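Working notes for the structure below.
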Number of protein chains: 2
Amino acid sequence: MAASTKDPRPCSIADALALVGEKYSLLVLREVCLGNGRFDQLVRNIGAPRDILATRLRRLVDAGILTKRVYSERPQRFEYRPTQAGLELEPVLLTLMAWGDRHLRPDDDRPMVVEHICGNEMLPVVTCAACGAPVHHEDLAAHPQTPGWTVTGPTAA
Amino acid sequence: MAASTKDPRPCSIADALALVGEKYSLLVLREVCLGNGRFDQLVRNIGAPRDILATRLRRLVDAGILTKRVYSERPQRFEYRPTQAGLELEPVLLTLMAWGDRHLRPDDDRPMVVEHICGNEMLPVVTCAACGAPVHHEDLAAHPQTPGWTVTGPTAA
DNA sequence: ACCGGTGAGTAGGAAATCCGAACTCACCAT
DNA sequence: ATGGTGAGTTCGGATTTCCTACTCACCGGT
């Protein structure tokens, strides 16, 4: 049935990246989460070509990650905003930003600091919903659900 | 000085994506974290063209995210493994996978389940390091550190 | 010694994407 | 009437990606 060559491991990471993994897509989401949802703001803040940006926006709207809302009839003007699904990607952005701050900037010149409502700077920590412990690679065991797709490493089934 | 057109917002998300945001890069990291670090395994499990994969691997090794280690001299064979920096990207993958499971698969056909050492299934939650609360968009305030780069939204400075 | 198989890539041309700049169209301001 | 803004679209050319095939080194069986 299915060909032997060319059907990669079924995976939600791959599926997610197929949607938001194209160049600029996650930066669009960043700006939109910051409240900068207008076309020309996006062009300036992201540095993307206008046609590519238009394509990305269409795709993200179609995927239900963004909505396009009119904020002015007569001159008709639009603004893009995150949907619930879009907002749920924000933790990914925050985690990625923290990683970049840690590994791509030796000194403390972080271009942006996020403040949490608790009054402190927000440093994201990924934890296990069940036990609350911060996630450590050694504490994980991956169980593929599709027959034929194994894992070989220390994280074997 | 700096040109008026074309210098996007300085941002660690953008920097991080410049490194690991190219097609397949994060899938390479996924496989490597699963312990499948050999070239042909990567080709099969990811479905990437061999030449592109070779390019990505070089880049990730150069960036200090992966290491290439010999696991057999005489037939010389290599295996790619995550460095500490690479492992610290795993939470990003887990969060992205959970998002994909939630939003891209209505029913419960998750292709992979991750088990935490606590005995339960690992569902990642991004929390604030300072207060431990799960991160909610409304609880965040972004403060750009570079003059001229503002945020307009509800998350204004 | 020969044959087939595996691992780790390279080579080459076709196909898809991306890019920058210019263009449109509708509206408002002076 | 002229200029400016917002939101795109259109264009040709540059850059990447893709796919298939090829290499090279080695191993295992007969």
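Side-chain atoms are counted along with the backbone in the values below, which use heavy atoms only and exclude waters and symmetry mates. A, B, ... follow the sequence lines: proteins, then strands. Residue 1 opens every chain. Since we're looking at a predicted model, the values are computed, not measured.
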Between dC18(D), dG7(C), dC19(C), which one does the side chain of D51(B) approach most closely? dC18(D)
Side-chain ion pair, R59(A) and E22(A), N-O less than 4.0 Å: yes
Using whole Å, report how far CG of D40(A) lies from C1' of dA26(C). 14 Å
Interatomic distance where CG belongs to L66(B) and P belongs to dA8(C) [whole Å]: 14 Å
For R38(B), check salt bridge (charged side-chain N to carboxylate O under 4.0 Å, His left out) against everything at least two apart and list the hits. none
In whole angstrom, what separates L57(B)'s CG from dA8(C)'s C1'? 11 Å
Side chain proximity check, V70(B) to Q76(B), heavy atoms < 4.5 angstrom: yes
Where P91(B) and E88(B) come nearest, the two heavy atoms and their spacing: CD-O, 3.4 Å
When you get a sec, tell me which of dA8(C), dC19(C), dA7(D) is the closest nucleotide to the side chain of F39(A)? dA7(D)
Phosphate oxygens OP1/OP2 of dT17(D): is one of them under 4.0 Å from a side-chain N or O of R56(B)? yes
Within this structure, what is the CZ-to-P distance between R59(A) and dG8(D), rounded to whole angstrom? 18 Å
Apart from L87(A) itself, members of its ILVMFWY cluster (side-chain separation under 4.5 Å) are none
Each nucleotide of nucleotides 22-30 of chain D classed B (base within 4.0 Å of a protein heavy atom), S (only sugar-phosphate) or -, in 5' to 3' order, makes ----SS---
Listed in order of residue number, which residues of residues 12-23 of chain A have a non-hydrogen atom at under 4.0 Å from DNA chain D? none
Please work out if R44(A) contacts a base, only the sugar-phosphate, or nothing of the nucleic acid, heavy-atom cut-off 4.0 Å. nothing
Y80(A) vs dG6(D): side-chain N/O to OP1/OP2 distance below 4.0 Å: no
May I ask you to evaluate whether R38(B) reaches the phosphate of dG9(C), defined as a side-chain N or O under 4.0 Å from OP1 or OP2? no
Test side chain to side chain contact (heavy atoms under 4.5 Å, CB included) applied to P124(A) - qualifying residues, sequence neighbours left out: L94(A), T95(A), A98(A), M122(A), V126(B)
Regarding S12(A) and R110(B), do their side chains bring together a donor and an acceptor under 3.5 Å, going by distance alone? no
When you check the phosphate oxygens OP1 and OP2 of dT16(D), does a side-chain N or O of Y24(B) lie under 4.0 Å from one of them? no
Side chain to side chain contact (heavy atoms under 4.5 Å, CB included), paired with N36(B), selected from V28(B), N45(B), I46(B): N45(B)
For F78(B) and dG9(C), what is the distance between atoms CZ and C1' respectively, to the nearest whole Å? 9 Å
If you check the R58(B) side chain, which of dA7(D), dT10(C), dT9(D) turns out closest? dT10(C)
Among all residues two or more places apart in sequence or in another chain, which pass the ring-ring contact (aromatic ring centres under 6.0 Å, His included) test with W99(A)? H103(A)
What is the distance, to the nearest angstrom, from the CG atom on L53(A) to the P atom on dC18(C)? 12 Å
If you look at every heavy atom in G47(A) and P8(B), which pair is closest and at what distance? N-CB, 3.9 Å
Out of dC18(D), dC18(C), dA8(C), which nucleotide sits closest to the side chain of I52(A)? dC18(C)
